[in-house]
Amino acid sequence: MDKYIITGGHRLSGRVRVHGAKNAVLPIMAASVLAGDRCRIYDCPNLSDVAHTIKILECLGCRVTFSESILEIDSSDISSWEIPEELMREMRSSIIFLGALAGKMGRARMCSPGGCELGNRPIDLHLKALRELGLVIKEENGFIEANAERMHSGDIHLSFPSVGATENIILASVCLNGETTIFNAAKEPEIVDMCEFLNKMGAKIEGAGTEFIRITGVAHLSGTEHKIMPDRIVAATLMCGAMTTKSEIELLNVRSAHLGAVVSVLRDSGAKIEFFKDKMYIRAPERTGSVDMIKTQVYPGFPTDAQSPVMAALCFGGGTSVIVENIFDSRYKIIPELKKMGADILQDGRVAIIKGQKLSGAHVRAMDLRGGAALTVAALGAEGVSEISGIHYIERGYVDLDKMFSALGADIKKTN
Ligand code: UD1
């Protein structure tokens, strides 16, 4: 298994480009099946989750090529509506294919996504909403089988603005007769990116990025081209790397509007951050200040995906900071690992209290994607050598995180 070996304490400098967003490209890849045509996607990140999604598309009968960040998906010969169990288990967010396959093929079959590294990941909101649109869904022996013969447009009120459920409803309804409105929709920028892609294909979606999304069904979609939005969580992770190493770096390909909550917290802890068009400069303080309270929330609140890297940065702070994790229960698996590096963190349920101090290198294990990235930024600032195992988690969402940091001057090597 691959590991990162990191000798901490090197200041970073220079610039690095942020790659396309994982959480945008995955639903966009699912959306491409609706085209029944060729779609070209630019700035597609070369991630293991993208590789798994390519396998799913190929199993469904799509032709896919991927080279130099350009992904081409030709869904004109799509013939299957079934996602093999092993592929579904590899990547539980593939549930997003339920709406897309129901919309395109009129049927879908896949296994139910149970527990994942973030704990039990329910899909009750997805299923309730799709059933309200007339999708007949049978759940048996861990499998979901859906029949869209009687699907119809309608109003959907989400009790919680789930990102995946919002995407599934949109994908299921773009080709339904009539108007579907989602109330209390998720507002994440990745949903906006998916809707822009669908609208270029000929869909009629209004209100993406707000809590009311109106989808007017169209009879036909066709192929298109689209550039994936920059990954705001990769940008946040690199910013935290600047914080733990007390460095000044420049990020290219960022959107300031997507990073508001993270920028605000890091400014509160002493960072100087400026944006110029799609560039950002961050200069970390010599001693990171504490932050009174960070509560993870749905967008535009503080993103749960940035919580672990920011926790790692606050471990080096000059005071006591408090984090409340409101979205995923299991985001705190990183705490025992940070403690091995000397971090002082007290956890009670959703609340973590972090007392800043110096960390030192240790052997630690990534337990999930963002936690793994957070251990990397902690190790960059720690004294001495750290070894991080379980980096396959990191590779699900970061293209060569080691190379991004070594291009900035970090001492980080990937070994087997
Ligand atoms: C997406 C992102 C993930 C991010 C999350 C929140 C992708 C591939 N993943 O995940 O990186 O952390 O948004 O920004 O885009 N929930 C239910 N029932 C449901 C659906 C969700 O109870 O049917 C709960 C979840 O357990 C969680 C919360 O709602 O506590 C948020 O989940 P959701 O917004 O659906 O996130 P995902 O789409 O899974």
Side-chain angles (χ1 to χ4, degrees), residues 20-31 45 47-50 52-53 56 88 90-100 112-132 137 139 144 156-172 182 184-195 209 211 228-229 231-234 236-237 258-259 261-262 295-310 324-333 349-350 368-374 393-394 396-398:
K22 169 182 90 78
N23 287 351
V25 77
L26 300 181
I28 283 176
M29 290 172 79
L47 301 166
S48 54
D49 274 8
V50 168
H52 286 134
T53 310
I56 290 175
M88 196 68 195
E90 289 272 11
M91 214 187 65
R92 296 174 193 280
S93 55
S94 324
I95 188 65
I96 197 65
F97 275 93
L98 181 58
S112 186
C116 71
E117 73 256 26
L118 292 180
N120 190 26
R121 216 158 174 169
I123 52 162
D124 53 319
L125 300 173
H126 302 234
L127 300 187
K128 181 170 182 285
L130 294 173
R131 282 183 171 128
E132 281 169 15
I137 304 172
E139 294 174 87
I144 298 174
I156 302 293
H157 294 257
L158 284 174
S159 58
F160 175 85
S162 152
V163 174
T166 302
E167 291 166 344
N168 246 332
I169 300 164
I170 295 169
L171 292 171
I182 311 174
N184 199 23
K187 301 178 205 158
E188 270 66 3
E190 293 77 11
I191 296 175
V192 179
D193 211 33
M194 183 191 79
C195 290
E211 62 197 280
I228 299 294
M229 61 171 268
D231 196 310
R232 60 195 170 105
I233 307 302
V234 170
T237 305
H258 295 171
L259 287 162
V262 174
K295 291 182 180 176
T296 62
Q297 286 167 342
V298 296
Y299 189 84
F302 190 90
T304 175
D305 286 349
Q307 186 262 100
S308 299
V310 168
V324 184
E325 173 56 58
N326 289 314
I327 309 292
F328 286 111
D329 295 343
S330 307
R331 286 277 191 207
Y332 285 151
K333 280 194 266 181
R350 291 168 171 234
D368 62 55
L369 161 58
R370 305 303 171 187
Y393 285 117
I394 301 173
R396 290 188 47 198
Y398 297 82

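Hydrogens, waters and symmetry mates play no part in the numbers below; they use all other heavy atoms, side chains included. Just so you know, ligand 1 is whichever comes first in the structure, and atom 1 is the first atom listed for that ligand. Along the sequence shown, the residues carry numbers beginning at 1.
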pair Arg350-Asn326: side-chain heavy atoms closer than 4.5 Å: yes

Residue Ile327 vicinity, atoms of ligand 1 by number, heavy atom under 4.0 Å: 27 (C), 28 (C), 30 (O), 31 (C)

Close approach of Arg331 to ligand 1, heavy atoms, under 4.0 angstrom: yes

Name of the residue among Ile327, Thr296, Leu259, Val262 meeting side chain to side chain contact (heavy atoms under 4.5 Å, CB included) with Pro303: Val262

CA sep, side-chain torsions, deciding dist, call: Leu127, Leu98, side chain to side chain contact (heavy atoms under 4.5 Å, CB included): CA-CA 9 Å; Leu127 300 187; Leu98 181 58; 3.8 Å; yes

His126 to ligand 1, any heavy atom closer than 4.0 Å: yes

Which of the ligand 1 atoms, numbered from 1, are nearer than 4.0 Å to a heavy atom of Gly164: 35 (O), 38 (O)

Distance-only N or O hit between ligand 1 and Lys22, under 3.5 Å: no

Min side-chain heavy-atom separation Met194-Leu171 under 4.5 Å: yes

Short N or O distance, Asp305 and ligand 1, threshold 3.5 Å exclusive: yes

Atoms of ligand 1 close to Pro122 [distance to a heavy atom under 4.0 angstrom, numbered from 1]: 17 (C), 18 (N), 19 (C), 20 (C), 21 (C), 22 (O), 23 (O), 26 (O)

Nitrogen or oxygen of Asp124 less than 3.5 angstrom from that of ligand 1: yes

Ligand 1 N/O within reach of Val163 N/O, cut-off under 3.5 Å: yes

Presence of salt bridge, Lys333 and Glu325, under 4.0 angstrom: no

Part of Asp329 within contact of ligand 1 (heavy atoms, under 4.0 Å): neither

Within reach of ligand 1, part of Phe160 (heavy-atom separation under 4.0 Å): side chain

Derivation and outcome, side chain to side chain contact (heavy atoms under 4.5 Å, CB included), residues Ile95 and Ile144: CA-CA 10 Å; Ile95 188 65; Ile144 298 174; 4.0 Å; yes

Heavy-atom check, side chain of His157 versus side chain of Glu132, under 4.5 Å: no

Close side-chain approach of Arg331 to Arg370, heavy-atom, < 4.5 Å: yes

Under-4.0 Å heavy-atom contact with ligand 1, by part of Thr304 that carries it: side chain

Min N/O separation Pro161 to ligand 1 under 3.5 Å: no

Test side-chain contact (heavy atoms from CB on, under 4.5 Å) applied to Val192 - qualifying residues, sequence neighbours left out: Glu196, Ala208

